[in-house]
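Protein chains get the first letters and strands the later ones, always in sequence-line order, with residue 1 at the start of each. Both backbone and side-chain heavy atoms feed into the values below; hydrogens, waters and symmetry mates do not.
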There are 2 protein chains.
Amino acid sequence: MEFRQLDYFVAVVETGSISAASRRVHVAQPALTRQMRLLEDDLDTRLFDRHARGIRLTVAGRALYEEAIQLLDARAQIKARLAALGSGQVGKLCLGITVTHLWVPDVARLMGGYRQCYPGVAFEVFPLLSGPQLERLREGSLDAGILYLDSAEQPGLETRLLQHDHLMLAVPEASPWSAAPPASLDELKEADFVWGFRSASPVYYDRMLAHFERLSFSPRVVQYGADNITILSMVAAGLGIAIVPSASSAHPMPGIRFVHLPELEACDMPLWMAWRASNDSPALHNLVGLVEEVFGDGGVSSPGQAG
Amino acid sequence: MEFRQLDYFVAVVETGSISAASRRVHVAQPALTRQMRLLEDDLDTRLFDRHARGIRLTVAGRALYEEAIQLLDARAQIKARLAALGSGQVGKLCLGITVTHLWVPDVARLMGGYRQCYPGVAFEVFPLLSGPQLERLREGSLDAGILYLDSAEQPGLETRLLQHDHLMLAVPEASPWSAAPPASLDELKEADFVWGFRSASPVYYDRMLAHFERLSFSPRVVQYGADNITILSMVAAGLGIAIVPSASSAHPMPGIRFVHLPELEACDMPLWMAWRASNDSPALHNLVGLVEEVFGDGGVSSPGQAG
DNA sequence: GGCTTTCCATACATAAAAGGTATGGCTTGC
DNA sequence: GCAAGCCATACCTTTTATGTATGGAAAGCC
């Protein structure tokens, strides 16, 4: 049983004769006769009685006709679906992103634009810190991630620079620090700091600490928070002050005052998009294309390399 | 997209390489390579990336694999279904039968035996008088009928004699007729008769009347009933006496006494099975085969003839 | 690092299948 | 009885599929 035979068979049934079907499918009548016989042989069943006026379906023929219609329809649908999938109009896309950057205008523009351009794609966004994102990118449960990386070169991954963050100081609005903002880190030697865990985002943490080491600054930590949102809420509650990525100031937070310090702005925190190099998902490639549009061509794309 | 290509594709996916698949499906590797390329061309989509260690599915390939499994499964199921249908193990069979004969032991044996032998067949029994049965046989809504016919030759139908009925007298048990059963029709000239309509079963009616005409007997009809069951219930209620087919006595009915009369037993009422000559349903042919077993080879089968 | 193995791709030849043409037999309708 | 329409068969051509031989590329192994 082949699709061609089913095509012919449906034509024969619907025209009521092999000759008429041969005109419809543009194939000589004996060829059709032969294909119908082959189909009958294959199914080991008579599909129709031949008469001088045409053919008449047997019970088996009627049954096959119903099924054939469905099979041919299924084939057409599969072809259509694969075409949509191949162009990225349909499919699934899992994007990881740090909570901190959900509110950055360009990132929001990227996500909104993608959903608008490709409404057929099931677009799922996972709020994850850089460390977990990297893991899940490698294991394949994320298609792309927006995260901090220690380098553009990531084995098995491709990367693209989105923007450069730096660091800022976040102080409670109700505190003396808000009334008289510090001008330098030196003034913060005795301050109470809310701090993050290294494991949440090792790259960010190490980079920041290396920077402070160069400045010979070591904060007095009184409290730890799991992510920047948590840390900022603690700052707002007056538990202390914190050093956070500049992206955190993208949307105003009640009770928080952000303070720029030259020493903190000097700490470069590049934000990357990364995806598995072997990921051929057209939906992903469309996302990468949209990144070029939203973030411009300033970024660098690097082919991932093993080792 | 052809089934052969899907077969190959599934093998390639499941073995993880074209070479391994070629061993599994017993086809040379270049032939498989070519078919996979043809499939990709047809779908206008890359289905896998080729590597030195084998192939790796693309997103489209994964999607097609799921679909291919289902299509191939559907094909196998259709083949199995058609085979079952061709052998009459599966399908539908509509049998018409007069209510009168539902209780005849051989008929009950036929129906019970059929259901037991072919449990996969949807076996529907329609209680219909001979006239409607003939109509519905011709129009195709019945596959077979058990009915009275005026002749074995029926245009477009095949027929088979099941048995010979004759006529009997049915009298109320509570009536004087029951206490002193008549010995001849002559004694019934003044009796009240419950009678049937001609339209319900013209053949039966005409045959019976022709018989009575020969005997110069004409009953005094006081009441009409639609079918024999109705007529018998009227007899049981004491409304009169009735002349019914001998098959009616197959199961005892409360309030009824059946009386044999030589003049009534002389009226031959052959009972037939009939079906459309062009009906190729294997389920039907199995039923006909069972008839031979149950009713023996005494009956005559006649090929129907148009005109 | 060269060697081997294991893939896939290509080129070409062969076998199989599908399609086309011609024709005949059968039924139907005039 | 004759023409028309339909299906089947025979035979030939074209297309498609398959097989064999071979080459190149990547991965694993001394």
Side-chain angles (χ1 to χ4, degrees), chain A residues 1-43 45-58 60-61 68 72 155-156 277-278 280 303-307, chain B residues 1-43 45-58 60-61 155-156 277-278 280 303-307:
Chain A
M1 175 156 68
E2 288 294 334
F3 276 119
R4 190 193 309 101
Q5 296 172 333
L6 293 180
D7 270 322
Y8 292 169
F9 176 70
V10 166
V12 169
V13 173
E14 293 182 349
T15 59
S17 89
I18 297 181
S19 297
S22 80
R23 291 188 288 272
R24 172 162 141 187
V25 300
H26 304 109
V27 160
Q29 167 259 315
L32 266 191
T33 293
R34 202 169 122 73
Q35 287 305 317
M36 292 303 95
R37 175 164 299 276
L38 286 175
L39 182 57
E40 287 181 327
D41 289 351
D42 177 61
L43 297 172
T45 316
R46 282 267 156 281
L47 294 173
F48 29 67
D49 298 323
R50 281 82 165 165
H51 294 111
R53 305 282 297 158
I55 55 94
R56 245 218 0 247
L57 284 181
T58 62
L72 293 173
S278 62
D280 65 315
Q305 189 171 327
Chain B
M1 174 155 70
E2 289 294 332
F3 276 119
R4 189 191 316 102
Q5 296 171 334
L6 293 181
D7 270 321
Y8 291 169
F9 176 69
V10 166
V12 168
V13 173
E14 294 182 349
T15 59
S17 87
I18 296 181
S19 297
S22 80
R23 291 188 287 272
R24 171 162 142 186
V25 301
H26 305 108
V27 159
Q29 168 260 316
L32 267 191
T33 294
R34 200 170 123 75
Q35 287 304 317
M36 291 303 95
R37 175 164 300 276
L38 285 175
L39 182 57
E40 287 181 327
D41 288 352
D42 176 62
L43 297 172
T45 315
R46 281 268 156 281
L47 295 173
F48 29 67
D49 298 325
R50 281 84 165 162
H51 293 111
R53 304 283 296 160
I55 56 93
R56 245 220 358 250
L57 284 181
T58 62
S278 63
D280 67 314
Q305 189 171 325

Checklist line | E40(A) CD - dC7(D) C1' separation (whole Å) | finding: 12 Å

Checklist line | Minimum-distance nucleotide (side-chain atoms of A52(A) versus dT20(D), dT18(D), dG5(D)) | finding: dG5(D)

Next item on the list: Could you tell me the separation between the CG atom of L39(B) and the CZ atom of F9(B), rounded to the nearest 0.5 Å?
Entry: 7.0 Å

Next item on the list: Measure the distance from CZ on R37(A) to C1' on dA8(D) and round it to the nearest whole Å.
Entry: 8 Å

Notebook entry, point to check: How close or far is atom C1' of dA17(D) from atom CD of E2(A), stated in whole angstroms?
Noted result: 12 Å

Margin query: So D7(B) and V25(B), do their side chains get closer than 4.5 Å, heavy atoms only?
Written below: no

Note to self: Please identify the 5'-most and 3'-most nucleotides of DNA chain C with any atom under 4.0 angstrom from a heavy atom of chain A.
What the structure shows: dA18(C) to dT28(C)

Check: If you check the R34(B) side chain, which of dA17(D), dT20(D), dG19(D) turns out closest?
Finding: dA17(D)

Notebook entry, point to check: Is the closest side-chain heavy-atom distance between M1(B) and L6(B) below 4.5 Å?
Noted result: yes

Item checked: Residues in contact with DNA chain D, drawn from residues 4-21 of chain A - heavy-atom cutoff 4.0 Å -> S17(A), I18(A), S19(A)

Check: To the nearest Å, how far apart are L32(B) CG and dT16(D) P?
Finding: 19 Å

Note to self: Output the rounded distance in Å from CD (Q29(A)) to P (dA8(D)).
What the structure shows: 8 Å

Margin query: Give me the atom names and distance for the closest heavy-atom approach of L32(A) to I18(A).
Written below: CD1-O, 3.5 Å

Check: Hey, are E40(B) and R50(B) close enough for a salt bridge, meaning a charged N less than 4.0 Å from a carboxylate O?
Finding: yes

Next item on the list: Heavy atoms only: give me the nearest A28(B)-S22(B) pair and the separation to one decimal.
Entry: C-CB, 4.0 Å

Note to self: Are F48(A) and R56(A) packed together at the side-chain level, in the sense that at least one heavy-atom pair is separated by less than 4.5 angstrom?
What the structure shows: no

Check: R53(A) CZ to dA8(D) C1': how many Å, rounded?
Finding: 18 Å

Check: How close do Y8(B) and M36(B) get, heavy atom to heavy atom, and via which atoms?
Finding: CB-CE, 3.5 Å

Next item on the list: Remember a base hit wins even if backbone is also touched, and classify Q35(B) as base, sugar-phosphate or nothing at under 4.0 Å, heavy atoms.
Entry: sugar-phosphate

Check: Given atom CE of M36(B) and atom P of dT16(D), what is their separation to the nearest angstrom?
Finding: 17 Å

Item checked: Results of side chain to side chain donor-acceptor pair (under 3.5 Å) for D42(A) - residues two or more places apart only -> K79(B)

